[in-house]
Amino acid sequence: MTTFIDNKSAVAALFQAALAKAYPSLTDFVIEVEKPKNPDHGHFAVNSALHLAKKLGVKPRDIAEAIVAALPESDLLANTPDIAGPGFINTRLSLAAETRVIGSIFARGDTFGKSTVGNNREVMVEFVSANPTGPLHVGHGRAAAIGDTLARLLSWQGYKVSREFYYNDAGVQINNLMLSVQARLRQRADASLVFPETGYHGEYIREIAERYAEKFPADALGNNEDHVREFAVAYLRNEQDLDLKAFDVQFENYFLESSLYSDGLVEKTVDQLIKNGKTYELDGALWLKSTDYGDDKDRVMRKSDGTFTYFVPDVAYHVNKWQRGFGRAIVELGADHHGSLARVHAGLQAMEMGVPVGYPDYVLHQMITVMRGGEEVKISKRAGSYVTLRELIDEVGRDATRYFFVMRKSDSQLTFDIDLARSKSEENPVYYVQYAHARICSVLAQWTQTGGDESALRAVDHAPLVSKYESDLMRALADWPSLLAHAATELAPHLIAVYLGELAAKLHTYYNAERFLIDDEPLKLARLSLILATKQVLKNGLAVLGVSAPEKM
RNA sequence: GCCCUCGUAGCUCAGUGGAUAGAGCAUCCCCCUCCUAAGGGGAGGGUCACACGUUCGAUUCGUGUCGAGGGCACCA
């Protein structure tokens, strides 16, 4: 099977050859090809003549003419390119070039778009990493959707991906959780007892207390603090697992912060930093000279009371990731944690153990503003006033929730209007994409029922596909592999959702403009073949997003 | 005060060093005797926050100002 080369690269290669012939001295100039916004400017435009004008001291249009004159023989372009405006070279693909993608799609099937650039290198994607102190809320939902899609995306690029969830199970907030449950237990016996101001006020704390009392009636007042803590953490971890399962997100590994202490990794990290001369003592505390590595101030590592600040285990954790063989690590975090990036990077560099600068990569998602009844819902675990991920999935559905969270650039703040999501769930863009898939299935099913054979569509003549709708659709299909590669490079899963929306739009337009089940046999087969290929790409795209591709809606 | 992200249509958001900046929702008009109208076609709506700079060309890159959110603790 020949490797499919996307149209843009093919056009670039053709012009690169022309340039080499026209101007043999320009050995290191790279031709750039772009897709013009205006369809009158062709399918692909080359603007290199403008870039070269100054360098060569020749008018851009003259350069463009020389390049066009030097174009090698090829069936790629429909005609001799136009030279327009100040010196743009506008090209149109030939029908033969446009239809080529259909065969590639059938040949690759569910793997069309997959690449081997990752070369099976190990990459870890860490995400969600919620403290086990409450149910997952909408913010975690955004994290889960983005993180999981990133993982799928990198896997499609040929990386060996491992998803990891880091539990902060060693901090003061866990103790606070225990105290909260304990207080609810004691209130069961004496309702006049006051609940701690700083405790977690959510209803789920009462639920945990009830369960604890049921299971351990002998300790109904929660006097055994270790036991209460253990129970509460286990309960909430289980709840979170159920949330993630409902969201179809699975982790290869769960990592406990407490293990960093019990395994001595925190101590070892601190010792190494001291040994490397990257620390100093001041006011009874131990500081890291993180300003040597771009941080805006030095950071305390060990407080005067002897305990460590949170970023020390964070550094130890990333040392551990590196040592486990993850040459690349991606951490998906809420933007409220961005302050820790610089110090983790600094800490890793100060370890002087060969970790690349910039390890790990961070993908931050901005906070979500939740609106309910026209008012902003302040998300507060302590006050217990927030929207859980489970609630959202139950009301809006898994597919719509995942799509919604991933369709926007992660670093844009977004407003989630719950009333809108509920009342207009039918208008969620995910249905638009799924509907395109279902429509194709429906057409194919009707054809099959009257004796059609889908496998026959893999080898039909596509020459009848001459309409502009067909041309637009075929070129969109051909963009899929490079779009995926781009989204992976940018760590930008939303580009996939945007692409799928555009592909679905082209299909719907085509559907309304032309009929498929017609008497003209060659044209019918060619059209069915095209939509079968489109169905495949929609399916693959939805798979990367972790969204289902229904055959009926 | 310092740091990070953002500022694009009435709203929610895409996008781009180029030639006329897009989608969905909302508003208005049109399209099912015909493969799913959860759809399509069309109209209106923008000084791409503002200023300066780099460039043949800036909404895109840089600097500054203003605005929004977040982070700046010996909390995590």
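Chain identifiers are assigned alphabetically (A, B, ...) following the order of the sequence lines, protein sequences preceding nucleic acid strands; residue numbering begins at 1 within each chain. Hydrogens, waters and symmetry mates play no part in the numbers below; they use all other heavy atoms, side chains included.
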Visitor: Just compare B/C74, B/C35, B/A76 and give me whichever is closest to any side-chain atom of A/Asn131.
Guide: B/A76
Visitor: My understanding is that a pair needs two contacts under 3.5 Å, Watson-Crick or G-U wobble. By that rule, which nucleotide pairs with B/A38?
Guide: none
Visitor: Among B/A73, B/C74, B/A37, which nucleotide sits nearest the side chain of A/Lys297?
Guide: B/A73
Visitor: Within the structure shown, what part of the strands sits under 4.0 Å from A/Glu551 by heavy-atom distance: base, sugar-phosphate, or nothing?
Guide: base
Visitor: Is the ring of A/His41 stacked on the base of B/A19, with centres less than 5.5 Å apart and planes under 30° off?
Guide: yes
Visitor: Give the nucleotide from the list B/G70, B/G40, B/G15 with an atom nearest to the side chain of A/Lys409.
Guide: B/G15
Visitor: If we call it a pair only when both distances are under 3.5 Å in a Watson-Crick or G-U wobble match, what pairs with B/G69?
Guide: B/C4
Visitor: Taking for each residue the nucleotide of RNA chain B bearing the nearest heavy atom, is the 5' side occupied by A/Lys552 or by A/Glu34?
Guide: A/Glu34
Visitor: Assess whether one donor atom and one acceptor atom, taken from the side chain of A/Asp336 and the base of B/A76, lie less than 3.5 Å apart.
Guide: no
Visitor: If the P atom of B/U54 is compared with that of B/G46, how far apart are they to the nearest Å?
Guide: 31 Å
Visitor: Could you tell me which nucleotide pairs with B/C50 by Watson-Crick or G-U wobble geometry, both distances under 3.5 Å, or answer none if nothing does?
Guide: B/G64
Visitor: Which listed nucleotide (B/A76, B/A37, B/C6) is nearest to the side chain of A/Arg439?
Guide: B/A37
Visitor: Which nucleotide sits closest to the side chain of A/His338: B/C4, B/C35, B/A76?
Guide: B/C4
Visitor: Of the candidate nucleotides B/G15, B/C75, B/C13, which contains the atom at the shortest distance from the side chain of A/Lys303?
Guide: B/C75
Visitor: Please verify the inter-ring angle class for A/Tyr254 with A/Phe165; under 30° counts as parallel, over 60° as perpendicular, anything in between as tilted.
Guide: tilted
Visitor: Select from A/Ile89 and A/Tyr310 the residue whose nearest nucleotide in RNA chain B is closer to the 5' end of that strand.
Guide: A/Ile89
Visitor: For the side chain of A/Phe516, starting at C-beta, report the closest nucleotide among B/A76, B/C35, B/G15.
Guide: B/C35
Visitor: Is there a Watson-Crick or G-U wobble partner for B/C32 with both distances under 3.5 Å, and which nucleotide is it?
Guide: none
Visitor: How close do A/Lys297 and A/Ser290 get, counting heavy atoms only, and between which atoms?
Guide: O-OG, 2.8 Å
Visitor: Given B/A38, B/A14, B/G71, which nucleotide is nearest the side-chain atoms of A/Val498?
Guide: B/A14
Visitor: B/C74, B/G39, B/G70: which one has an atom nearest the side-chain heavy atoms of A/Ala285?
Guide: B/C74
Visitor: Nearest to the side chain of A/Lys54, which nucleotide is it out of B/G40, B/C74, B/U55?
Guide: B/U55
